[in-house]
Amino acid sequence: MRDDRNMARVLLDRQGRTYAEEAGIRLADRPQPLYQLLVLSTLLSTRIRAGVALAAARELFAAGYRTPQAMEAASWQDRVDALGRGHYRRYDERTATMLGNGARLCLDRWHGDLRRMHREADGDRQALRRLLTEFPGIGPTGADIFLREAQTVWPDLRPYADRRTLAGAKRLGLPANPGGLAGLVGDADFGRLASALVRVALGEESAGEVSRSAAAR
């Protein structure tokens, strides 16, 4: 367990940023950053490199589309153009449509505030996943991304480890279950650890390099 904790600390030192942080989202339990996380989760759900999805999210937010009201008010072409500036070109037209429709659903169903969705689920993770998958472009993978990141501000979700998180843990020889991973770091760091493990699973971080760095400490 001590070696596992050391490896978890090395991983946090090397890759200790959530995807939300990398997209420029200052995640908090407030409507605007939670909506931005929904947008990011939509972009990360497609079969495209995470770096491209992150760049596209930053372009959308830089263009001012940080709320469902602003996203819906933007023209379809404006959304396409912002996605294109982030090199999100393969899925830009379809995604621009989904973002517009998702913004309308967020406004109609949740009055622009995803905290309402969280309250409706009332601590039931599966109910929350089902509600998330009602948004265009958010399937099971997108719901997992949202919940994995949201656990940093919704403590009732912790420890949330999706299949990619667990795949990364397995590659490093760490416990491949949420409870085992939760024992390696403090509660506040678990979301960061989950994101770092996803980077290992996706090959964005080398499992070998992490293991060697941990052994050298």
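All residue numbers in this chain count up from 1 along the given sequence.
Side-chain atoms of Glu59 do not come within 3.5 Å of backbone N or O of Gly86 as any donor-acceptor pair. One N or O on the side chain of Trp76 and one on the backbone of Glu93 form a donor-acceptor pair closer than 3.5 Å. Side chain of Arg192 to backbone of Gly16: a donor-acceptor contact under 3.5 angstrom is found. The backbone N or O of Val200 lies less than 3.5 Å from a partner atom in the side chain of Arg171, making a donor-acceptor pair. At least one donor-acceptor pair closer than 3.5 Å links the side chain of Arg5 to the backbone N or O of Gly183. Not a single donor-acceptor pair under 3.5 Å links the side chain of Asp29 to the backbone N or O of Val153. Side chain of Arg58 to backbone of Glu22: a donor-acceptor contact under 3.5 angstrom is found.
Taking the ring axis of Tyr19 as reference, the NZ or CZ atom of Arg199 stays within 45° of it and closer than 6.0 Å to the ring centre.
Here Thr165 contributes atom OG1 and Phe190 contributes atom CZ; the two are 7.0 Å apart, rounded to the nearest 0.5 Å. Leu107 CG to Gln69 CD: the interatomic distance, rounded to the nearest 0.5 Å, is 5.0 Å. In this structure, Leu184 CG and Asp3 CG are separated by 11.0 Å, a value rounded to the nearest 0.5 Å. Atom CG of Leu131 sits about 11.0 Å away from atom NE2 of His118, to the nearest 0.5 Å. The line from CZ of Phe61 to OG1 of Thr67 is 10.5 Å long, rounded to the nearest 0.5 Å. To the nearest 0.5 angstrom, Leu193 atom CG is 7.5 Å from Leu174 atom CG.
Nearest heavy-atom pair, Ile25 versus Pro33, reported as atom, atom and distance to 0.1 Å: CG2-O, 3.8 Å. Between Thr42 and Pro136, the shortest heavy-atom contact is CG2-O, 4.1 Å. Counting all heavy atoms, side chain and backbone alike, Gly84 lies closest to Arg89 at O-NH2, 3.2 Å. The two residues Gly168 and Ala201 have their closest heavy-atom pair at N-CB, 3.7 Å. Residues Ala56 and Leu83 come closest through the heavy atom pair CB-CD2, 4.0 Å. Here the closest non-hydrogen pair linking Phe135 and Gly102 is CE2-O, 3.6 Å.
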Point to revise | Verdict with reasoning, Leu132 to Leu38, per side-chain contact (heavy atoms from CB on, under 4.5 Å) | key: CA-CA 9 Å; Leu132 283 164; Leu38 182 71; 4.1 Å; yes

Exercise for review: Walk me through it: do Asp113 and Arg115 pass the test salt bridge (charged side-chain N to carboxylate O under 4.0 Å, His left out)?
Suggested key: CA-CA 5 Å; Asp113 187 351; Arg115 294 176 301 180; 2.9 Å; yes

Check your understanding: Step by step, would you call Val80 with Thr95 a side-chain contact (heavy atoms from CB on, under 4.5 Å)?
Key -> CA-CA 8 Å; Val80 169; Thr95 301; over 6 Å; no

Practice item. Would you please test Gln126 and Arg130 for side-chain contact (heavy atoms from CB on, under 4.5 Å) and show each step? Key: CA-CA 6 Å; Gln126 291 307 312; Arg130 286 193 297 273; 3.8 Å; yes

Review point. side-chain contact (heavy atoms from CB on, under 4.5 Å) between Tyr88 and Leu60: does it pass, once the steps are laid out?
Key: CA-CA 11 Å; Tyr88 199 91; Leu60 286 165; over 6 Å; no

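Glu149 and Ser195 share a donor-acceptor pair across their side chains, judged by distance under 3.5 Å alone.
Both Leu128 and Leu34 belong to a single network of hydrophobic side chains, linked directly or stepwise wherever heavy atoms of I, L, V, M, F, W or Y lie under 4.5 Å apart. Residues Leu197 and Tyr160 do not share a hydrophobic cluster, defined by chaining ILVMFWY side chains whose heavy atoms lie under 4.5 Å apart. Note on Ile138 and Leu40: same hydrophobic cluster, where clusters join Ile, Leu, Val, Met, Phe, Trp and Tyr whose side-chain heavy atoms are under 4.5 Å apart, directly or indirectly.
Atom CZ of Arg125 sits in a crowded spot, with more than 12 heavy atoms from other residues, nucleotides or ligands closer than 6.0 Å. Within 6.0 Å of atom CZ in Arg104, more than 12 heavy atoms from other residues, nucleotides or ligands are found, so the atom counts as buried in its surroundings.
Looking only at side-chain heavy atoms (C-beta outward), Tyr65 and Asp78 come within less than 4.5 Å of each other. When side chains are defined from C-beta on, Val198 counts as touching Arg148, because their heavy atoms get closer than 4.5 Å.
At a threshold of 4.0 Å, the pair Arg79-Asp92 does not count as salt-bridged, since none of the basic side-chain nitrogens sits closer than that to a carboxylate oxygen. Taking a cutoff of 4.0 Å between a charged side-chain nitrogen and a carboxylate oxygen, Arg9 and Asp189 qualify as a salt bridge.
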